[in-house]
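Written out below as structure tokens is the structure these notes cover.
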Amino acid sequence: MTVRSRFAPSPTGLLHIGGVRTALFSWLYARRHHGVFILRIEDTDRERSTEEATQVILDGMEWLGLSHDEGPFYQTRRMDRYAEVIQQFLAAGHAYRCYCTKEELETMRARQMAAKQNPRYDGTCRARTTPRAGVDPVVRFRNPLEGSVVVEDVIHGNVAFDNAQLDDLIIARSDGSPTYNFCVVVDDMDMKVTHVIRGDDHLNNTPRQINMLRALGATPPVYAHVPMILGADGAKLSKRHGAVSVLQYREEGYLPEALLNYLVRLGWSHGDREVFTRAEMTELFDIRDVNKAASAFNPDKLLWLNQQHIMRATPELLARYLKPQLAALGIVVDDDARLAGVARALQERAKTLKEMAQNGLFFFTELQGYDEKAAKKNLTAEAVRPLTLVLEKLQALTDWRAAAIHDIVNLAAAQLQLGLGKIAQPIRVAVTGTSVSPPIDVTLENLGRETTLARLQRALDYASRH
RNA sequence: GCUCCCAUCGUCUAGAGGCCUAGGACGGAGCCCUCUCAAGGCUUAAACCGGGGUUCGAAUCCCCGUGGGAGCGCCA
């Protein structure tokens with residue numbers, strides 16, 4: 001049997017970290033078992049669904065490389081099919097028309113709550129055979145009255161629900177439009193979904209869905225209800241936690257693989273391993289090993305993982321990602337090889353690509369003066385001699401490579417009997433404007449001969465005056 | 001209120017009755033390396049929610065509390 005899993009977000013809010021984690025687990029499961037991954041957009045709520053949210057889902061999934069094999073399917077385009085099944089249910093007696101008004105239902109609920117009972121539809125219209133004038137009926141599923149439903153969940157084990165606790169849920173509104181739980185059931189059946197991996201906030205919906213599936217004569221899929229992700233403060237993830245949309249992580253310079261790596265480790269682990277490539281995740285992840293408890297989102301660890309992935313990435317790949325980050329800062333770089341060189345120099349010292357772009361700014365733009373503190377400390381009269389000597393030696397250098405530059409700086413230090421810091425720091429401030437950069441030889445190599453010499457000369461002038 | 005779910009360092013987790021003096025990771029503290037910043041290495045503080053059982057033995061199994069979460073919509 002081919003595994004068929006799906007991710008079925010509703011575009012009523014922007015896709016966030018929690019949704020992505022569910023998508024990831026579902027995707028990993030399909031990939032691991034060489035199955036099919038389906039993307040379905042649950043947009044039956046036309047009021048709240050937005051085009052933007054749909055686009056974020058599509059773009060986000062693509063950015064993360066969570067590719068789907070089928071879909072995206074849109075529920076709004078399957079209305080005829082839902083209507084058909086509703087008729088089928090009605091004809092078979094699995095559903096009935098209910099003429100209770102919203103007001104009546106509300107009073108009933110209030111009464112039940114007051115009597116400390118589980119608020120549920122009392123079945124008034126179950127046996128009704130005639131319409132009620134002036135009321136557009138809804139359609140309700142005739143849930144079994146007795147017995148229990150056992151959800152065989154891969155993560156939670158067997159969870160039993162008494163049918164007596166469930167009620168006859170509405171499957172079609174009075175305007176005829178189908179509702180969520182019903183659409184899910186029809187879709188999962190039609191799309192031959194074998195594994196439903198979703199947030200455990202849906203665990204309570206599952207017995208109803210199973211009952212409908214059975215009424216349809218379908219075999220319920222395997223369920224895996226994964227725990228939710230909480231905000232860093234342990235509270236439910238919401239807009240308050242900053243991460244509005246996954247795409248924000250792209251903007252902030254996170255590598256898709258790093259985000260996925262972080263997410264997969266929430267609720268799952270493999271020995272003492274922390275860093276996983278996408279391929280390793282696919283190979284090692286097992287939905288059965290997923291925890292039951294919710295976990296809090298930890299931005300620091302995500303940042304650390306991002307750095308780990310940046311360090312392991314090829315400079316060429318980083319260069320590709322760096323381009324839009326630099327563009328955001330108003331800089332366009334055409335020289336891919338040079339950009340890769342810069343990325344190589346910076347990849348051990350940036351937690352995000354955004355940070356990397358900022359740190360690498362001096363390679364591509366004119367210096368906007370020196371950092372005050374750095375200049376005050378390093379571009380002094382004391383620095384004139386070492387800077388002069390290094391400038392002379394560099395002017396004579398034809399083989400502009402890190403190794404040769406390294407030798408020159410060391411030689412100059414030895415000649416002047418100065419510690420390396422006394423010579424490297426002034427150079428650093430001279431060419432970068434700040435006291436922080438990659439190793440000085442690597443920095444100069446990537447900066448290029450002309451720029452280096454010009455900046456050294458300029459710093460020398462500055463130092464002479466201070 | 002009713003139903004369901006969950007519970008190990010601040011956080012993510014290892015732990016499927018003795019291997020636990022509870023391991024790893026992020027973050028914190030300290031040290032080393034060092035031309036800066038990083039990276040890396042080493043050291044260190046830090047947890048089994050509480051109470052009852054079961055057992056020779058419990059973080060692990062059972063029960064009851066407590067705390068957190070979800071559902072109970074003509075929302076998804």
Side-chain angles (χ1 to χ4, degrees), chain A residues 8-13 42-45 47-49 75 98 100-102 105-106 109 112-120 136-140 151 153 156 159-162 164-167 169-175 177 179-181 183-184 199-207 225 227-228 230 232 234-236 262 265-275 291-305 307-308 311 346-351 359 374 378 406 409-410 413 419-429 432 434-441 443:
Chain A
S10 78
T12 51
E42 312 219 320
D43 55 352
T44 47
D45 185 348
E47 296 289 303
R48 299 196 301 147
S49 296
Q75 292 188 321
C98 168
C100 297
T101 63
K102 285 186 188 181
L105 295 174
E106 258 169 55
R109 258 194 295 275
Q112 288 167 331
M113 295 278 263
K116 305 193 175 193
Q117 289 170 332
N118 191 2
R120 49 195 292 283
D136 288 329
V138 297
V139 177
R140 286 185 186 271
V151 179
D153 193 276
H156 292 271
V159 183
F161 294 84
D162 281 341
Q165 291 296 332
L166 274 23
D167 66 353
L169 78 157
I170 292 172
I171 59 175
R173 304 183 182 95
S174 46
D175 66 359
S177 63
T179 60
Y180 170 77
N181 276 110
C183 294
V184 167
D200 65 11
D201 48 337
H202 287 287
L203 187 54
N204 287 291
N205 288 329
T206 310
H225 288 94
M228 322 218 42
L230 276 21
K236 191 182 172 184
Y262 175 72
R265 280 284 290 101
L266 248 35
W268 177 82
S269 64
H270 184 79
D272 286 342
R273 216 89 169 251
E274 295 288 351
V275 182
N291 278 168
K292 297 186 224 185
S295 39
F297 182 77
N298 182 346
D300 281 337
K301 189 148 185 183
L302 169 60
L303 219 39
W304 176 76
L305 270 172
Q307 181 170 35
Q308 293 298 315
M311 288 192 298
L346 292 167
Q347 74 184 130
E348 239 176 42
R349 33 186 62 74
K351 288 188 190 299
N359 292 346
N378 297 294
H406 185 84
V409 175
N410 279 335
L420 217 44
K422 289 284 178 197
I423 186 158
Q425 275 310 84
I427 300 175
R428 176 166 284 119
V429 178
T432 72
T434 72
S435 56
V436 175
S437 88
I440 207 67
D441 49 355
T443 302

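Chain letters run A, B, ... following the sequence lines, proteins first and then strands; every chain starts at 1.
- Residue A:Ser269 is classed as a sugar-phosphate contact, given heavy-atom separations below 4.0 Å to backbone atoms only.
- The base of B:rC74 has none of its N or O atoms less than 3.5 Å from a complementary donor or acceptor on the side chain of A:Thr179.
- Using a 4.0 Å heavy-atom distance criterion, A:Leu266 is classed as a sugar-phosphate-only contact.
- Among B:rU3, B:rG24, B:rA39, the nucleotide with an atom closest to any side-chain atom of A:Lys301 is B:rG24.
- OP1 or OP2 of B:rA76 sits under 4.0 Å from a side-chain N or O of A:Thr44.
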Identify all pairs in which a protein N or O lies below 3.5 Å from an N or O of nucleotides 66-73 of chain B, and state each distance.
residue: B:rA70; atom: O2'; partner: A:Asp201; partner atom: O; Å: 3.1
residue: B:rA70; atom: N3; partner: A:Asn204; partner atom: ND2; Å: 3.2
residue: B:rG71; atom: O4'; partner: A:Asn204; partner atom: ND2; Å: 3.4
residue: B:rC72; atom: O2'; partner: A:Pro119; partner atom: O; Å: 2.5
residue: B:rC72; atom: O2; partner: A:Asn118; partner atom: OD1; Å: 3.3
residue: B:rG73; atom: OP2; partner: A:Arg109; partner atom: NH1; Å: 3.2

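- Residues forming a side-chain hydrogen bond (donor to acceptor under 3.5 Å, both in side chains) with A:Asn298 (at least two apart in sequence, or on another chain): none.
- The pairing partner recorded for B:rA22 is none, the criterion being a Watson-Crick or G-U wobble arrangement whose two distances lie under 3.5 angstrom.
- A donor-acceptor contact under 3.5 angstrom links the side-chain atoms of A:Glu274 to the base of B:rG24.
- Comparing B:rG27, B:rC12, B:rA76 by their nearest atom to the side chain of A:Glu42 picks out B:rA76.
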Mind listing the N/O atom pairs, protein and nucleotides 40-49 of chain B, below 3.5 Å?
residue: B:rG40; atom: OP1; partner: A:Gln308; partner atom: NE2; Å: 3.3

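- A:Val138 comes within contact range of at least one nucleobase, with a heavy-atom separation under 4.0 Å.
- Take A:Lys292 and apply the side-chain contact (heavy atoms from CB on, under 4.5 Å) test, not counting sequence neighbours, and it matches A:Ile155, A:His156.
- Under the side-chain hydrogen bond (donor to acceptor under 3.5 Å, both in side chains) criterion, A:Asp136 pairs with no residue, sequence neighbours left out.
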Between the protein and nucleotides 19-21 of chain B, are there any N/O to N/O pairs under 3.5 Å, and if so, what are the atom names and distances?
none

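- With both pairing distances under 3.5 Å, B:rA14 is matched to nothing as a Watson-Crick or G-U wobble pair.
- With a cut-off of 3.5 Å on both pairing distances, the Watson-Crick or G-U wobble partner of B:rC72 is B:rG1.
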